[in-house]
Asks: 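Structure incoming, see below.
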Amino acid sequence: MKLTTLLTTAALATGIASASMADAIRMGTEGAYPPYNFVNDAGEVDGFEREVGDALCERAELECTWVTNDWDSIIPNLVSGNYDTIIAGMSITDERDEVIDFTSEYFPPDPSTYVALAGYDGDLSGAVVAAQTSTIQASYIASSGATLVEFATPEETVAAVRNGEADAVLADDAFLADIVNASNGELAFTGEPVSIGGGIGMGIRESDTELKDKMNAAIASIKADGTLTALIAKWFDGRMVKY
Amino acid sequence: MFNHCADPSLVDGLSWWSCYLTTGKHINFYQSFLVVFALLLLTVPIILAFGFAGALARRSRMLPVRWFGLGYTSMVRGIPDIIFFLFVPIAMDQGIEYLRHQWKCSDWLEPVRQGNDFVVCTAAKMPLGISPQWVHETYGFLLATLAFAIVFGAFAANTLHGALGAVPKAQLETAAAFGMSRGQIFRRIHLPQMWAYALPGLSNLWMILIKATPLLFLLGVEDIVYWARELGGTKTARFAYPHPDWRLGYFLVLLVFYLGLTWVSEKFFNNLTRRVSKGQTTIGGTV
């Protein structure tokens, strides 16, 4: 460890672009979507993806720095090189795959669920539904016939249901479960869960094939030895996923 | 921070608040107020410099320079601020990286633009990928500062240009009759009197600048708005200090902060205006 730091410093000092410089990468996340990723009370990135990311970086022998970025601009900023990966609960979709590349999934496809004020029993297909901008949920609602209201952050989508602007909110089940539990009965799940999107993968620039290969190998490794299964169980209320 | 905060689930009432308000995240929030002040202090000299350069360019005797001055002010003033704020940092960042790429990695054969990606060699990254996070943040902040300076500099240029034109011609002619050179007339007569006419416009600009600082948030700088939204959001049981949606409270704090800041500024500018208009042949100077 000390030696690598020394070497990196030496490489920096002499201005030689050596291979060791490529060993530091920046991990971009949203930091507003517990339990996937959030900024904890100490002001640091925390959550399921923080632990997965750290485990992957250790396996791939990369030095990772965590940075947060708004969801809206998370893909443009990856493409323009502000950070090297997106690890932010991003489902693998064909649409996104045209712009960036994805690693293999580190979280299985998860149904999305609706949450509304407790006691709501309206018809969701004609309702006003809130979702976060540029998410699989937003495009699902837009094509389903329901009225879509979009918000920049997950927080605002839930607030829209609370203040009556939307009848329901559609988001990943794990995110909403926490919110429902914390609402003291004010909010409740409603309607049937919908299966949209593939699993969650790490977004990487299309030109960055080397990093993609490294991460794919690391993901295969944490799947094989059960590390990933344990992390999913830890952050998603004991959910069991077999790899 | 305090010893009794070791287990947040055990504290309540006042001690809960004392723990809650001193979490690492809150310290970041308090520090981000300094970011706002840093932005204001850093941009003002640059804005004035850009403003003077623009105003003087517009008064230049050389046509191309005059065109440049006019082009700068009308372009920036005619384009919505937000578009400029989004454009300048990205364009600057990619421009700097492109130049460094040409300089440091001239043997690189692949194109810089590959499909959607903007790819430069590792050594040309700005800042370098291995730089600590604070370097990245400072760099982003400086790009934002530059965007502010360019936009507000154009407004300042217009104000200063107008103020320079408002000084009575007789003053300058008298100075010339006394045998002063062009430079002397500008420094001793034109410039000092100009301030009385420029100050109302400049103080207005300062107010707008204060109120525009939350645009930092738009540029990804973690300023007070970022932390207020972050802290105010619903905190579920995953957090040490769970609470419902408190964004209203946090934004109220920002409201009071900005109101206080603009109130103090107004007092300051009133004093300054009184001082520079003393003895002037304006209504402000006769009272």
Asks: At what distance, to the nearest 0.5 angstrom, does CZ of Arg113(B) lie from OG of Ser207(A)?
Replies: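 Atom-to-atom, Arg113(B):CZ and Ser207(A):OG are 12.0 Å apart.
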
Asks: Flag yes if more than 12 heavy atoms outside Leu34(B) fall under 6.0 Å of its CG atom; otherwise flag no.
Replies: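 Yes, because the 6.0 Å sphere around CG of Leu34(B) holds more than 12 heavy atoms from other groups.
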
Asks: Any donor-acceptor pair under 3.5 Å linking the side-chain atoms of Thr234(B) with those of Glu155(A)?
Replies: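 Their side chains do contain a donor-acceptor pair, which is all the 3.5 Å distance test asks for.
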
Asks: Going by heavy atoms in the side chains, are Tyr241(B) and Asp41(A) under 4.5 Å from each other?
Replies: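 They are in side-chain contact.
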
Asks: Tell me, out of Ala42(A), Ala32(A), Gly31(A), Ala182(A), who's got the most heavy-atom pairs with chain B below 4.5 Å.
Replies: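 Most pairs with chain B among the choices: Ala42(A).
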
Asks: Below 4.5 Å, heavy-atom pairs only: which of His136(B), Arg229(B), Gln133(B), Lys125(B) has the largest tally toward chain A?
Replies: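 Heavy-atom pair counts peak at His136(B).
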
Asks: Around Glu137(B), counting heavy atoms of other residues, nucleotides and ligands shown, do more than 12 lie under 6.0 Å from its CD?
Replies: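 More than 12 within 6.0 Å, yes.
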
Asks: What part of Arg26(A) lies closer than 4.5 angstrom to a heavy atom of chain B: side chain, backbone, both or neither?
Replies: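 For Arg26(A), the side chain is the part near chain B, not the backbone.
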
Asks: Relative to chain B, which segment of Ser183(A) carries a heavy atom at a distance below 4.5 Å: side chain, backbone, both, or neither?
Replies: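 When you check distances to chain B, no heavy atom of Ser183(A) falls under 4.5 Å.
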
Asks: Highest number of heavy-atom pairs under 4.5 Å with chain B: which of Val39(A), Val158(A), Ile179(A), Asp72(A)?
Replies: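 Going by pairs under 4.5 Å, I would pick Val39(A).
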
Asks: Nearest 0.5 Å please: distance from the CD1 atom of Ile90(B) over to the CG atom of Asn82(A).
Replies: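 The CG atom of Asn82(A) is 8.5 Å from CD1 of Ile90(B), to the nearest 0.5 Å.
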
Asks: How close do Ala159(A) and Asp245(B) get, heavy atom to heavy atom, and via which atoms?
Replies: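 Smallest interatomic distance, heavy atoms only, reads CB-OD2, 3.9 Å.
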
Asks: Is chain B contacted by the side chain of Phe38(A), its backbone, both, or neither, given a heavy-atom distance below 4.5 Å?
Replies: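 When you check distances to chain B, only side chain atoms of Phe38(A) fall under 4.5 Å.
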
Asks: Quick check: are there more than 12 heavy atoms from other residues, nucleotides or ligands sitting under 6.0 Å from CG of Asn163(A)?
Replies: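 Enclosed.
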
Asks: Does atom CZ (Phe68(B)) have a neighbourhood of more than 12 heavy atoms from anything else shown, all under 6.0 Å?
Replies: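 Atom CZ in Phe68(B) is not crowded, with 12 or fewer foreign heavy atoms closer than 6.0 Å.
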
Asks: Taking everything shown except Leu142(B) itself, do over 12 heavy atoms lie less than 6.0 Å from its CG?
Replies: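 Yes, enclosed.
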
Asks: OH of Tyr98(B): more than 12 outside heavy atoms within 6.0 angstrom?
Replies: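 No - once you tally the heavy atoms of other residues, nucleotides and ligands closer than 6.0 Å, there are 12 at most.
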
Asks: Inspect the contact between Asp178(A) and Arg238(B) and indicate whether a charged nitrogen and a carboxylate oxygen are less than 4.0 angstrom apart.
Replies: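 Result for this pair is yes, salt bridge flagged.
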
Asks: Would you name the heavy atoms of Thr68(A) and Glu222(B) that are closest together and state the gap between them?
Replies: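 For Thr68(A) and Glu222(B), the tightest heavy-atom pair comes out as OG1-OE2, 3.4 Å.
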
Asks: Of the backbone (N, CA, C, O) and the side chain (C-beta and beyond), which part of Glu98(A) lies under 4.5 Å from a heavy atom of chain B, both, or neither?
Replies: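 The backbone, not the side chain.
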
Asks: For Phe87(B), is the CZ atom crowded, meaning more than 12 foreign heavy atoms sit under 6.0 Å from it?
Replies: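 No, CZ of Phe87(B) has 12 or fewer neighbouring heavy atoms, counting only those of other groups under 6.0 Å.
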
Asks: Atom CG of Asn181(A) and atom OG1 of Thr236(B): how far apart are they, to the nearest 0.5 Å?
Replies: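 Taking CG in Asn181(A) and OG1 in Thr236(B), the distance rounds to 9.0 Å.
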
Asks: Phe239(B) versus Asp46(A): any side-chain heavy-atom pair under 4.5 Å?
Replies: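 Not in contact.
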
Asks: Identify which part of Tyr226(B) has an atom lying under 4.5 Å from any heavy atom of chain A, answering side chain, backbone, both or neither.
Replies: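 Contact with chain A: side chain only.
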
